[in-house]
Amino acid sequence: MRFHKLAITTTCLTLLASCSSDLPPAAGSVTSATMAAGEALYQEGRSYEAAGNDKKAISRYKEVYKKYRYADSAPEAKFHEAELLYKQGKLVNSFDAYQELIENFQGSRHYQTAFDRQIKIAHQAADGIIKNNFLGLKSKIGPERVEKMMSKVRDNAPKAPSASAAQFAIGASWQESKIPDKAIGAYRQVSLNYPESKEAPEALYRVGELLMMKSEKGNQNLANLDSARNVFEDVILQYPNHKRAKDSRANIKMIRSQDITRSFEIGKFYESKKEYQSAKFYYNDVLKKAKKGSDLEKETRQRLANLGQ
């Protein structure tokens, strides 16, 4: 009986309100009837929620937001909708509801709670805690969806620490999905836009690592190695006291070793083709870089001697 009376009251007030949900109202046009209609519908949702009927409660809260967005009850309704979805484990839908509150009701007393909850959900999605459920088969949320969620978190508070963490998570999601170019692009944005953040040194270092990995494939291996070395040098220059500076030095040493080996193999190639001047050029490059007394240096000197140098 109580719900029946509330429904009748809501219907009557709706007829009196005659407002549009799609366009912002003109100044002073949010009437007392509109406010009362929104409040009545909101209270109906609260009654359903108290009775444990979450489905109908969510339906009423959505209706408040849709029909009476400019009523005082609208942000309360949107928050309770998001909270119920969160309680039900419908975290992606809950994320979207929190986003609507954040975008439309920045003065709401629930703004910070919605913001914090949204960050948590987005990182759960990135970490694979939240799963898609399609035809009974659960799978990790894809990097495209993770990027959309994290972009919302980043842009909601671009100066907050959560922004750099969200951008880093985008890169990590693409990296885990084995799409290095997108991961590199996302990580670069961390170091460019948030150079003072705690994520920046790791993000820049991962750019170098991914470039090294790419150097093992395709015909751009030399360019990728050179780019990786430049990135590691940037890590050392920008973050000399960070643990990744030490790792960067080790990787630069590894790249230099690969450079020497590469020059030696190219020299052997030209020698086999009887292009001796080219062979000498690369062997001499090896002597400039190789460790004195190493087996590689000795063999290179012997090959140059055989070529008359």
Side-chain angles (χ1 to χ4, degrees), residues 3 6 9-10 13-14 17 19-25 27 29-127 129-130 141 145-146 148-167 169:
F3 294 151
L6 281 170
T9 302
T10 300
L13 289 171
T14 301
C19 65
S20 171
S21 63
D22 297 323
L23 297 173
S29 66
V30 181
T31 64
S32 58
T34 299
M35 299 290 281
E39 179 65 23
L41 196 57
Y42 168 68
Q43 290 300 332
E44 187 176 348
R46 293 291 285 158
S47 296
Y48 278 122
E49 184 177 350
N53 194 335
D54 291 351
K55 183 177 180 180
K56 285 191 175 182
I58 290 171
S59 175
R60 296 301 184 274
Y61 293 145
K62 286 183 176 180
E63 195 173 350
V64 174
Y65 177 74
K66 182 178 180 181
K67 292 183 177 180
Y68 308 104
R69 188 174 304 182
Y70 302 98
D72 291 343
S73 54
E76 294 294 321
K78 181 54 63 178
F79 179 73
H80 282 282
E81 174 197 340
E83 288 285 280
L84 283 177
L85 289 168
Y86 187 85
K87 185 183 76 173
Q88 292 176 350
K90 297 177 180 178
L91 299 185
V92 174
N93 293 336
S94 178
F95 179 95
D96 293 336
Y98 285 125
Q99 180 63 28
E100 287 178 325
L101 186 147
I102 290 168
E103 288 180 351
N104 295 287
F105 308 113
Q106 295 184 8
S108 168
R109 64 193 180 96
H110 300 300
Y111 183 92
Q112 189 62 48
T113 301
F115 181 72
D116 293 340
R117 192 90 81 194
Q118 192 189 53
I119 292 173
K120 181 178 179 180
I121 293 170
H123 283 283
Q124 286 177 323
D127 294 340
I129 296 173
I130 302 175
I141 289 176
R145 178 59 171 155
V146 169
K148 287 180 180 179
M149 295 173 76
M150 285 297 179
S151 295
K152 296 286 187 184
V153 170
R154 178 196 64 205
D155 296 342
N156 283 337
K159 300 298 183 181
S162 56
S164 58
Q167 184 62 41

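Residues Q118 and F95 share a closest heavy-atom pair of CG-CE1, 3.0 Å. The minimum heavy-atom distance linking A163 with A157 is given by the pair CB-O, 3.5 Å. Annotation for A125 and M149: closest pair CB-SD, 4.0 Å, computed over non-hydrogen atoms. Taking both residues in full, the closest heavy atoms of A74 and V64 are given as CA-CG1, 3.9 Å, listed atom of the first, atom of the second, then distance. Looking at every heavy atom in both residues, L84 comes nearest to A57 through CD1-CB, 3.9 Å. Across every non-hydrogen atom of Y42 and S73, the tightest pair is CB-CB, 3.8 Å.
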- I would like to know whether E81 and K78 meet salt bridge (Lys or Arg N to Asp or Glu O under 4.0 Å); could you show each step before the answer? CA-CA 5 Å; E81 174 197 340; K78 181 54 63 178; 2.7 Å; yes
- CA sep, side-chain torsions, deciding dist, call: Q99, N156, side chain to side chain contact (heavy atoms under 4.5 Å, CB included): CA-CA 9 Å; Q99 180 63 28; N156 283 337; 2.9 Å; yes
- Task: Check the pair K152 / E103 against side chain to side chain contact (heavy atoms under 4.5 Å, CB included), numbers first and verdict last.
- Result: CA-CA 10 Å; K152 296 286 187 184; E103 288 180 351; 3.7 Å; yes
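Of the inter-residue distances, the one linking L85 atom CG with K62 atom NZ reads 6.5 Å to the nearest 0.5 angstrom. The CG atom of D96 sits 13.0 Å away from atom CG of L101, with the distance rounded to the nearest 0.5 Å. Going from atom CZ of R69 over to atom CZ of F105 covers 6.5 Å, rounded to the nearest 0.5 Å. Rounded to the nearest 0.5 Å, atoms CD (E39) and OG1 (T34) are 13.0 Å apart. Between the CG atom in N53 and the CZ atom in R60 there is a gap of 8.5 Å [rounded to 0.5 Å]. From Y111, atom OH reaches atom OH of Y98 across 14.5 Å, with rounding to the nearest 0.5 Å.
Within the 3.5 Å criterion, the main-chain N or O of K90 finds no donor-acceptor partner in the side chain of S94.
Under the 4.5 Å side-chain criterion, counting only non-hydrogen atoms from C-beta, S59 is not in contact with Y48.
Considering only residues two or more places apart in sequence or on other chains, H123 meets the ring pair (Phe, Tyr, Trp, His ring centres under 6.0 Å) condition with none of them. Residues that satisfy the salt bridge (Lys or Arg N to Asp or Glu O under 4.0 Å) test with E49, not counting sequence neighbours, are R46.
A cation-pi arrangement is present between R117 and Y86, with the terminal nitrogen or guanidinium carbon under 6.0 Å from the aromatic centre and inside a 45° cone about the axis.
Ion pair E76/R109 flagged as a salt bridge, since at least one NZ, NE, NH1 or NH2 atom sits closer than 4.0 Å to an Asp/Glu carboxylate oxygen.
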